[in-house]
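Reminder, nothing fancy here: chain letters follow the sequence lines and each chain counts from 1.
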Amino acid sequence: MSFSRRQFLAGATVAASASTLGLTACSGKSASSGDSATLSFGWWGNDVRNKETDQAIKAYTKANPKVTVKPQPGEWDSYWDKLSTEVAGKNAPDVIQMDMAYISQYAKNGTLLDLSQYGVDTSKFAPGTVDAGKIDGKLVGVNAGINSLTMMANPELFEKAGVELPDDTKWTWDDYLNISAELQAKGPAGTTGNQCAFPTDNLLQIWLRQNGKDLYTADGLAFDAGDLTTYLNLMVKFMNADAMPTASAINEEIGKSMDQSAFGTGKQGFALYWSNQLAAINEASGKSMKMLRPPTVAGDATQRNAWYKASMLWSGYAGTKNPEAVGKLINWWVNNPEAANICLDERGVPANTEMVKTIEPKLTDAGKATVKYLDDIKPELGDTPPAPPAGSSEIGDIMQRHTNDILFGKDKPETAAPKIISELQAAIKNAQ
Amino acid sequence: MSAISELTSLRRSRAKTADERRQQRKENSRDNKAGYLFLLPWLIGLVVITIGPMCASLYLSFTDYNLLQPPKWAGLANFQQMLHDQRLHQSLKVTFIYVFVGVPLQLALALAIAILLDKGMKGLSFYRSIFYLPSMLGGSVAIAVLWRQIFGTDGLVNQVLRLIGIDSHTGWVSDPRYALGTIIILHIWTFGSPMVIFLAGLRQIPVMYYEAAAVDGASRWSRFSRITMPLLSPIVFFNLVLQIIGAFQSFTQAFVVSGGSGGPSDSTLFYTLYLYNRGFANLQMGYASAMAWLLLVIIGGFTAINFFVSKYWVFYDD
């Protein structure tokens with residue numbers, strides 16, 4: 001009996017699959033010993049941030065040659081989908097760039113390291129900037145930079161339209177409405193007054209705090225349907241006065257990058273941004289935008305109950321193999337002048353006051369303007385808002401949906417407000 | 001009959017000793033082993049990539065699972081919640097409109113173009129490629145992004161309309177009245193793959209039928225309705241089943257065109273998009289799994305109806 005073709009093929013298949021299995025078995029092993037560590041590093045960002053972060057990682061690995069860092073840059077929208085999936089698959093990045101909106105959710109589920117146990121020093125941080133990252137007494141997020149909301153204005157467009165910039169220490173919501181409407185009427189064809197920030201929780205929070213309320217308590221909502229109705233009626237007023245883009249133009253803006261947005265292309269008067277975004281918006285638009293305080297109900301900026309926010313935070317993944325190395329890297333990032341000199345203020349003005357002094361001479365005009373803005377508004381600060389409860393990150397989606405119903409004439413503020421409240425409450429309850 | 005099985009049956013026909021039977025069993029089992037070995041790559045794929053996740057998803061559909069914590073058993077709670085979920089009902093409405101408007105129109109266009117191309121004209125393969133092109137591109141993110149630009153407030157469509165004197169400022173993808181319609185047009189535009197299949201089917205129809213009909217003085221319409229359609233009906237059926245299944249699972253276009261939200265005002269909230277948002281944005285994987293199973297039941301139901309009804313209109317010429 002000879003060796004048949006069939007037998008040969010069968011043998012070959014076995015051999016092939018065996019070698020494949022062998023390969024996967026090999027790649028499953030990973031070395032980890034002594035100081036050497038391989039850390040994955042996840043963040044969301046923009047071009048400027050990606051460049052600087054890569055540079056800082058290189059500087060760190062040069063100083064710590066035994067450490068390898070795998071950068072994982074991302075975009076805000078997909079970042080959170082990806083992170084939740086990675087956490088479920090137990091392969092999240094070791095160093096995680098975190099946001100206030102999500103930190104409760106991740107901390108509550110034991111996903112984040114208590115960084116105070118791994119050598120992260122926050123003793124040089126400005127008062128009130130450490131607590132934002134503390135949940136249940138554990139330091140699960142280290143402030144990566146301070147920022148505050150600002151109403152950016154495009155001075156070039158104001159000049160073209162022959163409209164004067166407002167005095168931002170005194171202007172009211174009515175002024176905001178009138179100036180926007182005037183700009184939209186007098187500006188070059190296609191000009192819009194403002195981007196319509198009403199669907200965002202940012203503008204809502206500004207308005208609520210001026211009225212003595214806030215978005216959240218530690219575990220729920222700090223406002224009611226009545227407040228929200230008044231706020232949404234304000235949006236309708238803007239729409240009726242032609243002070244903002246049409247409903248469909250507002251929707252077309254969703255998902256556009258800064259350089260493609262109406263404000264970035266110089267066709268819009270005002271847009272609400274975080275103060276650390278000034279450099280990015282200037283680069284994207286090629287203009288120099290002016291930072292204004294948001295308008296106030298009282299017409300007096302000192303009564304606006306402003307707040308500093310951690311623009312983002314550094315967190316460590318609890319499932320990491322090298323918690324010590326994670327702590328060391330984060331500590332370097334927030335406390336070492338070398339890191340500060342590379343990243344400057346892109347993630348917000350550093351919380352470590354010594355680092356602010358280190359970088360200040362190196363800042364661009366935009367950076368200096370941001371430091372000055374944050375310094376100027378100190379007398380206007382109120383209490384620091386608590387970390388948003390888990391599940392509340394759905395607010396953006398819920399608000400957008402219902403404000404759209406109003407803008408397209410399918411709903412009214414009086415009826416939309418209770419729906420928003422009940423959906424938000426359900427989302428928060430679901431996440432507990 | 002293959003040579004091997006012929007040989008086997010030949011051996012079987014003889015009376016067998018116990019020894020021979022043992023030999024026979026050994027050979028059979030060796031045959032089977034080799035067969036399974038060849039199947040192995042596919043089998044591993046099926047178990048690891050399809051059946052495994054399906055079983056996991058079935059289990060998860062009865063749980064409360066947020067990805068960050070282990071799943072908690074919830075019984076039928078997810079399915080009960082689906083009964084009262086307004087957005088789920090909206091997503092079903094959107095998806096049904098998409099399927100029942102988009103698929104018939106797409107197939108009709110595909111058939112019409114296929115009949116035009118079947119004339120045996122010069123450069124047929126060139127035209128066929130040109131018409132097929134959108135199918136290869138249509139499902140891609142790049143085209144959906146382009147679509148968003150073309151149908152924007154200041155996009156190409158409105159500019160052309162303005163050129164011909166219609167002062168249009170409609171945002172075709174950002175106004176809830178038109179957004180779904182625009183996505184349906186994108187779907188119809190990708191008629192290439194059913195068209196190619198129709199074309200192949202048309203080529204199979206013997207010319208003699210048409211010749212005989214022409215001799216009898218049959219009109220064009222009656223040649224189409226009495227020869228082409230009946231003989232093409234199995235192909236139509238095949239395309240219909242495939243396209244309906246595909247359309248129920250559409251995701252990319254709506255995701256890109258609406259920026260992932262299903263907006264404006266949930267007007268493009270496709271079922272799969274809502275499922276995705278529930279699972280990955282709201283971290284309700286249990287509920288999302290339950291939704292996935294409902295979709296399976298719906299698609300299965302429609303496919304079954306399709307096969308049942310096919311008895312009355314599909315003509316098999318054999």
Quiz item: Nearest 0.5 Å, what's the OG-CZ distance between A/S248 and B/R177?
Solution: 8.5 Å

Quiz item: Is the number of heavy atoms from other residues, nucleotides or ligands within 6.0 Å of CG (A/N240) greater than 12?
Solution: yes

Quiz item: Between B/S174 and A/E252, which heavy-atom pair has the shortest distance, and what is it?
Solution: OG-OE2, 3.1 Å

Quiz item: Distance from B/Q86 atom CD to A/E423 atom CD, nearest 0.5 Å?
Solution: 10.0 Å

Quiz prompt | Side-chain donor-acceptor pair present, B/S265, A/D405, cut-off under 3.5 Å | solution = yes

Quiz item: Around B/W73, counting heavy atoms of other residues, nucleotides and ligands shown, do more than 12 lie under 6.0 Å from its CH2?
Solution: yes

Quiz item: Roughly how far apart are B/Q90 CD and A/R401 CZ, rounded to 0.5 Å?
Solution: 10.0 Å

Quiz item: In terms of heavy-atom contacts, does CZ of B/F96 have more than 12 from other residues, nucleotides or ligands at under 6.0 Å?
Solution: yes

Quiz item: Got a second to check how far B/L67's CG is from A/S84's OG, nearest 0.5 Å?
Solution: 5.0 Å

Exercise. Could you tell me which of B/P176, B/G262, B/G35 has the largest number of non-hydrogen atom pairs under 4.5 Å with chain A?
Key: B/P176

Quiz item: Which residue out of B/N277, B/I44, B/N282, B/D266 racks up the most heavy-atom pairs below 4.5 Å with chain A?
Solution: B/N282

Quiz item: Less than 4.5 Å apart, any side-chain heavy atom of B/N66 and any of A/Q105?
Solution: no

Quiz item: So with a 6.0 Å cut-off around NZ of A/K419, is the heavy-atom count from everything else above 12?
Solution: yes

Quiz item: Checking heavy atoms, do the side chain of A/K90, its backbone, both or neither come under 4.5 Å from chain B?
Solution: neither

Quiz item: Given that the side chain runs from C-beta out, which part of A/D411 has a heavy atom under 4.5 Å from chain B: side chain, backbone, both or neither?
Solution: neither

Exercise. Could you tell me the separation between the CG atom of A/N430 and the CG atom of B/D64, rounded to the nearest 0.5 Å?
Key: 7.0 Å

Quiz item: Would the number of heavy atoms belonging to other residues, nucleotides or ligands and lying under 6.0 Å from NZ of B/K93 be above 12?
Solution: no

Quiz item: Do you know which two heavy atoms are closest between B/F280 and A/D81, and how far apart they sit?
Solution: O-OD1, 3.6 Å

Quiz item: Within a radius of less than 6.0 Å around CD of A/E75, do more than 12 heavy atoms belonging to other residues, nucleotides or ligands occur?
Solution: no

Quiz item: Among B/P264, B/G171, B/A281, B/G279, which has the most heavy-atom pairs under 4.5 Å with chain A?
Solution: B/P264

